[in-house]
Protein chains: 2
Amino acid sequence: MKPVTVYDIAREANVSVATVSRVLNNTAPVKASTREKIMSLIDKHQFQPNALARSLIKKETGMIGIILPDITNPFFPEVLAGLEQEARNNGYTFFLCDTGSYNQDSKSQYKRESQYLRILAEKQVDGIIMIGGRIDLQKSTREMAKEVQEVNKRLPVVLINGNLPGEKFHRVIIDEARGAMQVTDHLIELGHTDIAFMGGYNQMSNTVQRMAGFHSAMERAGIAVREDWVITGGFTINAGKALMNELLSKDGRKPTAIVCANDLVAIGAIKSAVKAGLSVPRDLSIIGFDDIPLAESMIPELTTLSLRCLELGRTAANIMHQLITKTNHVSELTTLQPKLVIRESTAPPPSHSM
Amino acid sequence: MKPVTVYDIAREANVSVATVSRVLNNTAPVKASTREKIMSLIDKHQFQPNALARSLIKKETGMIGIILPDITNPFFPEVLAGLEQEARNNGYTFFLCDTGSYNQDSKSQYKRESQYLRILAEKQVDGIIMIGGRIDLQKSTREMAKEVQEVNKRLPVVLINGNLPGEKFHRVIIDEARGAMQVTDHLIELGHTDIAFMGGYNQMSNTVQRMAGFHSAMERAGIAVREDWVITGGFTINAGKALMNELLSKDGRKPTAIVCANDLVAIGAIKSAVKAGLSVPRDLSIIGFDDIPLAESMIPELTTLSLRCLELGRTAANIMHQLITKTNHVSELTTLQPKLVIRESTAPPPSHSM
DNA sequence: ATGAAAGCGCTAACAG
DNA sequence: CTGTTAGCGCTTTCAT
């Protein structure tokens, strides 16, 4: 069954397509009676204007592309929810492009990002938001940056919690180094001195920033960092488990507290620690990063740093909207401050007098 | 800066647009030398064909719309990942439409579903996949069903784990009643007789099915169900907490085991139980439903029923692809069998001799 | 207040 | 192997 078009409506209403278009878009006054007639015809035939044709001429699609590495990591849905909440009111819909880092080598992940970048551009999205992936790399190749720059020339690109060298991008980020300092300070204030850092990847900028914050807090407190207590290996629960096992298997003194690269790692770490017979936080304090919804539901409830994912998403959506409509000048960088959330997984060290 | 079009390429290559189109789509042989020339021009100008124009004429967009109620519930990202994995290879991209049930009354959720249904149709998606929302309702209004039927006439609709009255839809579902029976049987085999059911909503079909499975397993074992131990109130961690508190505050005998409507509720229930001084599973066995990734990472690890989310997504993507390409006849209903995953949150009841 | 006509950027006959 | 031409369904001047 052939879809009905403006022509069908126009013919049946004895008007021109222009008039139909006018009532569709409220773009010019139309006599009440003809408007009525057209409206009822639209209703009768369940007419739905073809958005492709409209977008083709109007040069706007109301579509925003999101490129992210792994939708099953709870951090991303949280940001997405923020994006959606905000952008919905402005009439945008989202293309979700998951590059599927979870079971891929990173090379194919970046290749997939390139693909999606191209596809989204071809589909004429009004803007692209990137989270994770190549924009989290400490050093991305010239080519990887160039691709995004090229896209950025044609349509607005907003980077969430990441960056790319070269030309400046619009970004909204959480001050991660500062967050890591807050987290570490909290541990230090509790009396800890034997503090480890766990998780993430050395080649990723978020990890480097978090580590940097960790280091400066330690330094400021005059505590030496034991480099063999700074171990990386991923952002997943399994990574946390493995890293904790690794840490526990080392000879000699054990840390009394651990700063984790994110909540998932912290959860894995707690898991392994408990399995090894340790009590959290009595024997070992563990602190996360992100504040995903599950953090509050762990036993013990996870002390962590809120990255305010929802606001991150909302802010990005807002900026994107500004960029698309070009209403005001938008500052290149928007920085949100994280917030320490003290719950149950941290306490004074065991040797400490209470 | 004006985007470059096939015309620009054609002019500069001294060929017609048709030839450019031919090399773009490999739709007819082109002399190697002219192909080369065109290719290099494409590369030089970073030409990207406008997918809107192409789709307008080809009547296919490679876009699939997904309508779901809450992306922050980990069940959905898991299904999404499955969809994406499968559909990516067939060249589809996804529109994510989150109706945001998390902080809305249900009325505005359904309104939002209607909106998205319309938007997706207008954007000419090749198909729509629905999960949750109105298709989970025990009784949906005539109107809600009609809307989807109307859409289903114009383009393929696939329902995941739900249904709608009236005209038949293509569906892929998990046998939830059977799953609830497996879960309950597991508890019964452990020696439990005082078993409660917790979570979900009475007006939702998934809850009703799960309850039905629970009831039939109990009946088959000759155990009477205490109706005041069957309590509903949502699918979230907070719902689980509240319901557990409610259960614990009741006078008289307490259940020794609880079947939860999903993992999130189970997590909340464990949380409250532990807070109340109970040990899981020593004092109380708790069993979930879904097997979200976090289930394995709880302490204790959650015994649950795998809904095989990934496969659910993959299967749906496959079916959708068949429907879109009309390659083979696709059976209306595809049923996946769930799988009991025994972990740590269930054990024999306390009074039971070991 | 309305209509005629010219595209938006591309593909697909049809002709050569 | 290549060019010409007619649309896809809609919006938008420019007339009237």
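In what follows, every chain begins at residue 1, and chains take the letters A, B, ... in the order their sequences are listed.
- In this structure the side chain of A/Leu336 never reaches within 4.5 angstrom of the side chain of A/Ile173, judged on heavy atoms.
- Around the NZ atom of B/Lys146, the shell of radius 6.0 Å holds no more than 12 heavy atoms that belong to other residues, nucleotides or ligands.
- Note: A/Ile128 CD1 to A/Met63 CE = 10.5 Å, rounded to the nearest 0.5 Å.
- Within the 4.5 Å cutoff, the side chain of B/Phe169 has no heavy atoms near those of the B/Glu332 side chain.
- Closest to the side chain of B/Lys31, out of D/dG3, D/dC1, C/dT11, is D/dC1.
- Here C/dC10 presents its P atom at 9 Å from CG of A/Leu56, a figure rounded to the nearest Å.
- Rounded to an integer number of Å, the gap from A/Tyr7 OH to D/dC8 P is 9 Å.
- Ion pairing of B/Glu147 with B/Arg134 is present here, as a side-chain N (NZ or NE/NH1/NH2) and a carboxylate O approach within less than 4.0 Å.
- Heavy atoms of B/Asn14 sit under 4.0 angstrom from primed sugar atoms or phosphate atoms, though from no base atom.
- A salt bridge links A/Glu12 with A/Lys44: the closest approach of a Lys/Arg side-chain nitrogen to an acidic carboxylate oxygen falls below 4.0 angstrom.
- Here B/Phe95 and A/Phe95 bring their ring centres to under 6.0 angstrom of each other.
- In A/Glu143, the CD atom is not crowded: 12 or fewer heavy atoms of neighbouring residues, nucleotides or ligands sit closer than 6.0 Å.
- Going from atom CD1 of B/Ile9 over to atom C1' of C/dT11 covers 16 Å, rounded to whole Å.
- For the residue pair A/Thr61/A/Gln124, the side-chain donor-acceptor check at 3.5 Å is not satisfied.
- Between B/Ala18 and B/Ile57, the one whose closest nucleotide on DNA chain D sits nearer the 5' end is B/Ala18.
- Taking side-chain N and O atoms only, A/Thr5 has no distance below 4.0 Å to OP1 or OP2 of D/dC8.
- A/Arg118 and B/Gln48 form no side-chain donor-acceptor contact under 3.5 Å, judged by distance and modelled atom types alone.
- Here C/dG3 is the nucleotide among C/dG3, C/dT11, D/dT2 with the atom lying nearest to any side-chain atom of A/Ser16.
- Between A/Lys153 and A/Glu150, at least one side-chain N (NZ, or NE/NH1/NH2) sits under 4.0 Å from a carboxylate O, which counts as a salt bridge.
- Contact annotation for A/Val15: backbone-only contact, meaning every heavy-atom pair under 4.0 Å involves sugar-phosphate atoms and none involves a base.
- Of the residues in residues 21-29 of chain B, B/Ser21, B/Arg22, B/Asn25 come within less than 4.0 Å of DNA chain C through at least one heavy atom, sorted by number.
- One atom, CG of A/Asp8, and another, C1' of D/dC8, lie 13 Å apart when rounded to the nearest Å.
- Listed pair B/Lys59 / D/dG9 meets the phosphate criterion, a side-chain N or O lying under 4.0 Å from OP1 or OP2.
- DNA chain D is contacted by A/Phe47, A/Pro49, A/Asn50, A/Ala53 of residues 40-53 of chain A, taking any non-hydrogen atom closer than 4.0 Å.
- At the heavy-atom level, B/Ser55 lies nowhere under 4.0 Å from the strands shown.
- For the residue pair B/Asn50/A/Glu122, the side-chain donor-acceptor check at 3.5 Å is not satisfied.
- Only at 4.0 angstrom or more do the heavy atoms of residues 118-128 of chain A sit from any atom of DNA chain D, so none qualifies.
- Along DNA chain D, the nucleotide nearest to A/Thr19 and the one nearest to A/Lys2 differ in position, and the one closer to the 5' end is contacted by A/Lys2.
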